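All ligand and atom numbering here is 1-based and tracks the order in the structure. Quick caveat: nothing in here was measured; it's all calculated off a predicted structure.
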Amino acid sequence: MDKVRFGKTEMMVTPMTFGTWGIGGAGWDANSDETRLDAIAAAVECGINFIDTAPAYNAGKAERYIGKALDDLGHGWREKVLIATKCANAFIDGQYVRSGKADLILRQCDESLQNLRTDHIDLLIVHWPDPVVPYEETFGALNRLKEEGAIRHIGVSNFNLEQLKHAMEVADVEALQVQFSMVDMDNLEVMQWAHEQDLGVMTYGSLGGGILTGRYRTIEKYEAMDSRNRFYPYFKEPMFSKVMKLLDVMQTIADARGVQLAEIAMNWSRQKPFVDTSIFGAQKRSRIESNAKCMDWELTAEEMLTLDEAIAKIL
Ligand SMILES: NC(=O)c1ccc[n+]([C@@H]2O[C@H](COP(=O)([O-])OP(=O)(O)OC[C@H]3O[C@@H](n4cnc5c(N)ncnc54)[C@H](OP(=O)(O)O)[C@@H]3O)[C@@H](O)[C@H]2O)c1
């Protein structure tokens, strides 16, 4: 898989990043340990060299799967794979707890290194802004971790433009991770600005939490803490019916090209000029191998326009 430079960093990353929120197991469908470990191996075997995770993904469970899966792949794999993990957001007794306090960040980084079975983290991302704790404290902790060599780069996630500018005053922030997909363009301005500043830009929810794969055709009931209920708003009205209409437009292009809907969603995202890499989550080898086929082709300018016009009209 071709690689692109991630912002101004030295990291060369694949335009697809493998996300592991689902792999952690909380808030998503349950799968066996074997299935999840095999999914991580599949992502790496498909040529994806960037893995996104977080301590908040089931209290370090996703990180532990990654550590084991890379170990199982054998000697040298850690050197070939770049890992982004996060901090300042914990998962305690089934609830997400955000805090930018330095002691939490330092403790989480220590635990992430152990979970991931590594001596350094390529990119440590502040998972969510904390409106209470001063940025000097939060980013002071990240600066210290970078000086000590525990982390190579600092990033932020879910920061708006003002918050990103503030963070960049107190630390060398080199990456932005925000939600961006055919069904969510709320972060367009901050992404474009970050790209202009030469930050690495990575999108999450690139498949709209799975709805852009065409897998969901009826509205289902999910548990209160299921991400399809709590986090992504596409699985209920009014969004659900709109997304179904958008899938029809995507299907026309998919049929003409003989590709899957998920590939259309991935390429629409990764081909945007201000996106360096698009994160997708999946827990099964077959889904990862199928999604990775999007790297063999690109949407034409005309197809991009058709999709952009459909999004503007329908959503
Ligand atoms: N920074 C943040 O605050 C933040 C927030 C959300 C996500 N993220 C990161 O971004 C990653 C991606 O986002 P996401 O996982 O939330 O959403 P997503 O990638 O938009 O969608 C994931 C869903 O799509 C399903 N899926 C993937 N490929 C499929 C296929 N070919 N056919 C059918 N279903 C398919 C997955 O199913 P299975 O898993 O059941 O296989 C999963 O349910 C996360 O894993 C995480 O690393 C970061």
Side-chain angles (χ1 to χ4, degrees), residues 16-32 35-36 38-40 42-43 46 48 50-58 61-63 65-66 83-89 91 96 98 123-129 155-160 175-184 186-187 190-191 201-217 220 222 226-235 243 247 250 254 259-266 268-270 275 277-294:
M16 297 177 84
T17 293
F18 184 59
T20 60
W21 188 13
I23 293 266
W28 293 97
D29 292 343
N31 278 293
S32 67
T35 304
R36 288 169 171 156
D38 186 50
I40 298 165
C46 282
I48 295 171
F50 206 9
I51 298 183
D52 180 74
T53 189
Y57 298 164
N58 206 0
K61 202 163 177 188
E63 292 182 329
Y65 280 124
I66 295 166
I83 297 178
T85 191
K86 311 192 187 77
C87 62
N89 188 27
F91 189 67
Y96 295 95
R98 295 177 195 169
L123 173 64
L124 186 64
I125 300 171
V126 176
H127 205 152
W128 287 88
V156 295
S157 179
N158 302 304
F159 278 48
N160 64 29
L176 173 75
Q177 182 179 128
V178 284
Q179 184 170 181
F180 179 71
S181 72
M182 294 180 72
V183 286
D184 189 325
D186 287 356
N187 292 305
V190 67
M191 293 171 82
V201 176
M202 55 201 308
T203 67
Y204 75 70
S206 313
L207 301 172
I211 202 159
L212 291 172
T213 67
R215 171 173 156 192
Y216 303 91
R217 297 295 179 168
E220 307 284 336
Y222 299 102
D226 192 295
S227 308
R228 288 159 291 195
N229 182 48
R230 191 191 64 85
F231 193 79
Y232 291 115
Y234 320 119
F235 298 87
V243 182
L247 290 181
M250 292 167 70
V259 301
Q260 301 297 312
L261 287 174
E263 293 180 71
I264 306 269
M266 285 305 301
W268 179 90
S269 169
R270 76 173 178 91
V275 173
T277 183
S278 296
I279 320 174
F280 75 99
Q283 294 190 57
K284 296 204 170 118
R285 173 176 284 271
S286 58
R287 289 176 184 160
I288 294 153
E289 289 174 349
S290 165
N291 294 354
K293 289 193 183 140
C294 76

Student: Is any side-chain heavy atom of Pro55 less than 4.5 Å from a side-chain heavy atom of Thr85?
Tutor: yes

Student: Report yes if some heavy atom in the side chain of Phe235 is under 4.5 Å from a heavy atom in the side chain of Asn229; otherwise report no.
Tutor: no

Student: Are any of the N/O atoms on Ser290, whether in the backbone or the side chain, positioned under 3.5 angstrom from an N/O atom of ligand 1?
Tutor: no

Student: Please compare Trp21, Tyr232, Tyr57 and report which has the shortest non-hydrogen distance to atom 48 (C) of ligand 1.
Tutor: Tyr57

Student: Under 3.5 Å, N or O to N or O, is Asp52 touching ligand 1 that way?
Tutor: yes

Student: Minimum heavy-atom separation for Asn160 to Val190, with atom names?
Tutor: C-CG2, 3.9 Å

Student: In this structure, which one of Arg285, Arg287, Lys293 forms a salt bridge (Lys or Arg N to Asp or Glu O under 4.0 Å) with Glu289?
Tutor: Arg285

Student: For ligand 1, is there an N or O atom under 3.5 Å from any N or O atom of Lys86?
Tutor: no

Student: Taking atom types as modelled, find out whether Tyr204 and Asn187 have a side-chain donor-acceptor pair closer than 3.5 angstrom.
Tutor: no

Student: Taking distance alone, with no angle check, do Tyr216 and ligand 1 share an N/O pair under 3.5 Å?
Tutor: no

Student: Got an N/O contact under 3.5 Å between Asn31 and ligand 1?
Tutor: no

Student: Answer whether the closest heavy-atom distance between the side chains of Val275 and Phe180 falls below 4.5 Å.
Tutor: yes

Student: Out of all atoms in ligand 1, which are within 4.0 Å of some heavy atom of His127? Include the element for each.
Tutor: 1 (N), 2 (C), 3 (O)

Student: Could you tell me which atoms of ligand 1, counted from 1 in the order shown, lie closer than 4.0 angstrom to a heavy atom of Leu207?
Tutor: 18 (P), 20 (O), 21 (O), 27 (C), 28 (N)

Student: Any idea which of Gly24, Ala262, Ser227, Gly281 brings a heavy atom closest to atom 26 (N) of ligand 1?
Tutor: Gly281

Student: With no hydrogens and no angle check, is any side-chain donor or acceptor of Lys86 less than 3.5 Å from a backbone partner on Thr53?
Tutor: yes

Student: Kindly confirm or rule out an N or O of Phe231 lying under 3.5 angstrom from an N or O of ligand 1.
Tutor: no

Student: Of the choices Arg287, Arg215, Lys284, which has the non-hydrogen atom that lies closest to atom 25 (C) of ligand 1?
Tutor: Arg215

Student: So which heavy atom in the protein is nearest atom 6 (C) of ligand 1, and how far is it from that ligand atom?
Tutor: Tyr204 CD1, 3.3 Å

Student: Just to confirm my output: which protein heavy-atom neighbour is closest to atom 35 (C) of ligand 1, and how far is it?
Tutor: Thr213 CG2, 3.6 Å

Student: Could you tell me the residue and atom name of the protein heavy atom closest to atom 24 (O) of ligand 1, and the distance to it rounded to 0.1 Å?
Tutor: Gly210 CA, 3.1 Å

Student: Can you confirm, on distance only, whether ligand 1 has an N/O atom lying under 3.5 Å from any N/O atom belonging to Gly208?
Tutor: yes

Student: With side chains defined as the heavy atoms from C-beta onward, is the minimum distance between Phe50 and Met202 less than 4.5 Å?
Tutor: yes

Student: Number the atoms of ligand 1 from 1 as they appear, then name those within less than 4.0 Å of a heavy atom of Trp28, with their elements.
Tutor: 16 (O), 43 (O)

Student: Of Thr277, Ile83, Ile125, Thr20, which meets side-chain contact (heavy atoms from CB on, under 4.5 Å) against Asp52?
Tutor: Ile125

Student: Answer with side chain, backbone, both or neither: which part of Val178 has a heavy atom less than 4.0 angstrom from an atom of ligand 1?
Tutor: neither

Student: Do ligand 1 and Ile279 have nitrogen or oxygen atoms that lie under 3.5 Å from each other?
Tutor: no

Student: My understanding is that we take every heavy atom of each candidate and find the minimum distance to atom 28 (N) of ligand 1. Doing that for Ile23, Asp184, Asn291, which one comes out nearest?
Tutor: Asn291

Student: Quick one: look up the protein heavy atom nearest atom 3 (O) of ligand 1 and list residue, atom name and how far away it is.
Tutor: Asn158 ND2, 2.9 Å

Student: Sequence neighbours left out, what passes salt bridge (charged side-chain N to carboxylate O under 4.0 Å, His left out) with Arg36? Give chain and number order.
Tutor: none

Student: Which atoms of ligand 1 are found less than 4.0 Å from any heavy atom of Ser206?
Tutor: 20 (O)

Student: Quick check on contacts: which atoms of ligand 1 are under 4.0 angstrom from a heavy atom of Phe280?
Tutor: 12 (C), 19 (O)

Student: Classify the ring geometry between Trp21 and Tyr57 as parallel (under 30°), tilted (30 to 60°) or perpendicular (over 60°).
Tutor: parallel

Student: Taking the inter-plane angle between the rings of Tyr216 and Tyr222 on a 0 to 90° scale, is it parallel (under 30°), tilted (30 to 60°) or perpendicular (over 60°)?
Tutor: perpendicular

Student: Based purely on interatomic distance, does Ser157 place a nitrogen or oxygen under 3.5 Å from a nitrogen or oxygen of ligand 1?
Tutor: yes

Student: Closest approach of Ser269 and Ser278, non-hydrogen atoms and distance?
Tutor: OG-OG, 2.6 Å

Student: Could you identify the single nearest non-hydrogen protein atom to atom 13 (O) of ligand 1 and state the distance to 0.1 Å?
Tutor: Gly205 N, 3.3 Å

Student: Have Gln283 and Asp29 got a donor and an acceptor in their side chains that come within less than 3.5 Å?
Tutor: no

Student: With sequence neighbours left out, what residues match Gln260 under side-chain hydrogen bond (donor to acceptor under 3.5 Å, both in side chains)?
Tutor: none

Student: Mind checking whether Gln283 contacts ligand 1 via backbone (N, CA, C, O), side chain (CB onward), both or neither, at a 4.0 Å heavy-atom cut-off?
Tutor: both

